[in-house]
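Reading through the structure tokens given below for one structure.
Read the numbers this way: they start at 1 and go in the same order the structure lists the ligands and their atoms.
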Amino acid sequence: MLFARLNKFRHTLTFRLTLWYAGLFTLSSCIAFLMFYYLIASVISERIDQELTRQINHFSTILSIRGIEAVKDVAVLEAQGAGEKKVFYRLLTPSGEIFSSSNMSYWRDINVDAKAIRRLLEGRPNVYQTRRISSQEYRVRIAYGFIGEGLILQLGQSMESYDRLIETFRRIFIVTMAILFVAAALLGGFMARRALAGVAAVTRTAKRITGEALDQRVPLTHRGDEVDELAATFNAMLDRIRELVTGIREMSDNIAHDLKSPVTRIRGQAEVTLTTNGGLADYEAMAASTIEECDRLLDMINTMLMISKTESGVVSLNTEPVNMGDLVANACDLLAPMAEDKQLTLDVQAAGDVRIDGDQRMLQRMVANLLDNAIQYTPPGGDIRVRLEKNGRNGVLLEVADTGVGIDATELPRIFERFYRCDHSRSTNGTGLGLSFARATARAHNGDIQAVSEPGKGSRFKVILPGREGDANN
Ligand code: ADP
């Protein structure tokens, strides 16, 4: 259990950010520390070499002023004065033979380095070496230098203080780095958690969301940062999903309702015919009405399918050159008797030769739906005006306006939804699919449809269709 949780944490962004932060922080501290270390180390070792050089010069002066015996005496005295475990002096001939030295019992493992003497003989001023003697805890810095004609001084100085300092420094370094790493990890973890708190909120909200609880939202901090933007985008996505889910629910309710009524009617009629023991005429009437209802049902199902296919771009249009002028005129001729029956004035202004590439049958149906609605929702005595004109270079604009009942502003945005029917038309015949089909058709032809309306005064539907590509005559 604990292992599984740790393993999960290991893959989190918080963990990786913390590690990066701690790692980078420790690395940069490490570099700063090492630079400081090398600076101190080189200053100290330079000091030791300066001291050794000063000694060689000092002995050279003694030799020139007071002679070799004085050099021997001073070497012994100086070693005693500084501590015989701290320094030693040896006087050598150019062939490397020792002819005098301070007390060497502590330094007996130190030999004369032939290579160093050779380098001196080659003309190098002084030669410096660092040696580690296995029997001793600290290293020793040794210098070789001529102090007079044919006389070389080999002197050594314990690097105790230097080695101690380095050791202390190393310990401080390790402890400090460990503390820094832990502190950086804690700080990094805290910062990463803070920065990703918004993401955690999005995740929590996403987990709480189910089909029934689509109203959950991520609280916004309004700081305008990336996480806030993510939360806002997530909330907007949820709004869309809720809209879609509600739409799907309403649509399925509507489908169920709209299919139920004709099926109930068919069943009722069949039942009545059966139970009343009617004659052949009754059965014929029942069959005719069943066919009619079934046709209506089929028409509705086909329209639904067509809208879905058109909206999802699955349907392939039967595209051909269409003369919209003729198409609109024919549709008006066809529906004129209906308008006349309702004493409506039908005013058609359709420019003659307006052509586009499109699906003739779908466009016919779209125009018929708009006209049919205008006639249906305009009380007797009203006016219907149909206008078709060129729009831009190749486009077409179709306008169907009426002086009918109009559409309420709250309902206007929904009239193109499948099965949506406004309050005022609930009692009239209709499926609520006419305008959805019209919009799907317009959009399938890369166009669109818009509606403006004022309740009690009338409505105006405007269809814009792009014209034929590269047709300069339109
Ligand atoms: P319907 O089969 O109900 O006519 P539509 O999709 O064609 O379905 O229209 C959707 C709804 O929009 C209608 O039920 C009606 O309430 C409203 N509507 C459409 N056209 C008009 C119009 N010209 N005037 C007033 N209301 C209209």
Applying a heavy-atom cut-off of 4.0 Å, say which part of Asp372 lies close to ligand 1: side chain, backbone, both or neither.
neither
To the nearest 0.1 Å, how far is atom 7 (O) of ligand 1 from its closest protein heavy atom, and which atom is that?
Asn373 ND2, 2.8 Å
I'd like to know if Gly404 contacts ligand 1, where contact means a heavy-atom distance under 4.0 Å to any ligand atom.
no
What protein heavy atom is closest to atom 23 (N) of ligand 1, reported as residue, atom name and distance in Å?
Asp402 OD2, 2.9 Å
Ile415 heavy atoms within 4.0 Å reach ligand 1 at atoms 10 (C), 12 (O)
Are Asp402 and Arg460 within salt-bridge range, i.e. N to O under 4.0 Å?
no
For the student: nearest non-hydrogen atoms of Pro379 and Val405, plus distance
CD-N, 4.2 Å
For ligand 1, note which part of Ile407 has a heavy atom under 4.0 Å away: side chain, backbone, both or neither.
side chain
Going by the 4.0 angstrom heavy-atom rule, the piece of His424 near ligand 1 is side chain
Of all the atoms in ligand 1, which lie at a distance below 4.0 Å from a heavy atom belonging to Gly406?
25 (C)
Inspect the contact between Arg54 and Glu51 and indicate whether a charged nitrogen and a carboxylate oxygen are less than 4.0 angstrom apart.
yes
Name the closest protein heavy atom to atom 6 (O) of ligand 1, giving the residue it belongs to and the distance to 0.1 Å.
Leu435 N, 2.8 Å
Nearest heavy atom to atom 24 (N) of ligand 1: which of Tyr420, Tyr377, Phe461, Phe419 does it belong to?
Tyr377
Is Arg365 salt-bridged to Asp299, going by a charged N under 4.0 Å from an acidic O?
yes
Identity and separation of the nearest protein heavy atom to atom 3 (O) of ligand 1:
Arg421 NE, 2.6 Å
Heavy-atom gap Asn369 to ligand 1 smaller than 4.0 Å:
no
When you look for heavy atoms under 4.0 Å from ligand 1, do you find them on the side chain of Phe437, its backbone, both, or neither?
neither
Check this for me, if you would: do Glu167 and Arg170 make a salt bridge, where the nitrogen-to-carboxylate-oxygen distance has to be below 4.0 angstrom?
yes
Using a 4.0 Å cut-off to any heavy atom of Leu433, which atoms of ligand 1 qualify?
6 (O), 8 (O)
Test: Arg439 and Asp448 ion pair at under 4.0 Å
no
Which label fits Phe169 and Phe33: parallel for a plane angle under 30°, tilted from 30 to 60°, or perpendicular past 60°?
tilted
Check ligand 1 against Gly430 and write out every atom of the ligand that is under 4.0 Å from a heavy-atom position of the residue.
2 (O)
Kindly compute the distance separating CG (Asp326) from CE (Met324), expressed to the nearest 0.5 Å.
10.5 Å
Counting both backbone and side chain atoms, is some N or O of Asn429 under 3.5 Å from an N or O of ligand 1?
no
Arg141/Asp49 salt bridge by N-O under 4.0 Å criterion:
yes
Measure the shortest side-chain to side-chain distance between Lys86 and Gln157 over non-hydrogen atoms and say whether it is less than 4.5 angstrom.
no
Where does Ser425 meet ligand 1, judged by heavy-atom distances below 4.0 Å: at the side chain, the backbone, both, or neither?
side chain
Out of Gly434, Ser459, Gly432, whose heavy atom sits nearest atom 1 (P) of ligand 1?
Gly432
among protein heavy atoms, the one nearest atom 17 (C) of ligand 1 is Cys422 SG, 3.7 Å
Salt bridge or not between Glu417 and Arg414? Use side-chain N to carboxylate O under 4.0 Å.
yes
Determine whether the aromatic ring centres of Tyr377 and His424 lie less than 6.0 Å apart.
yes
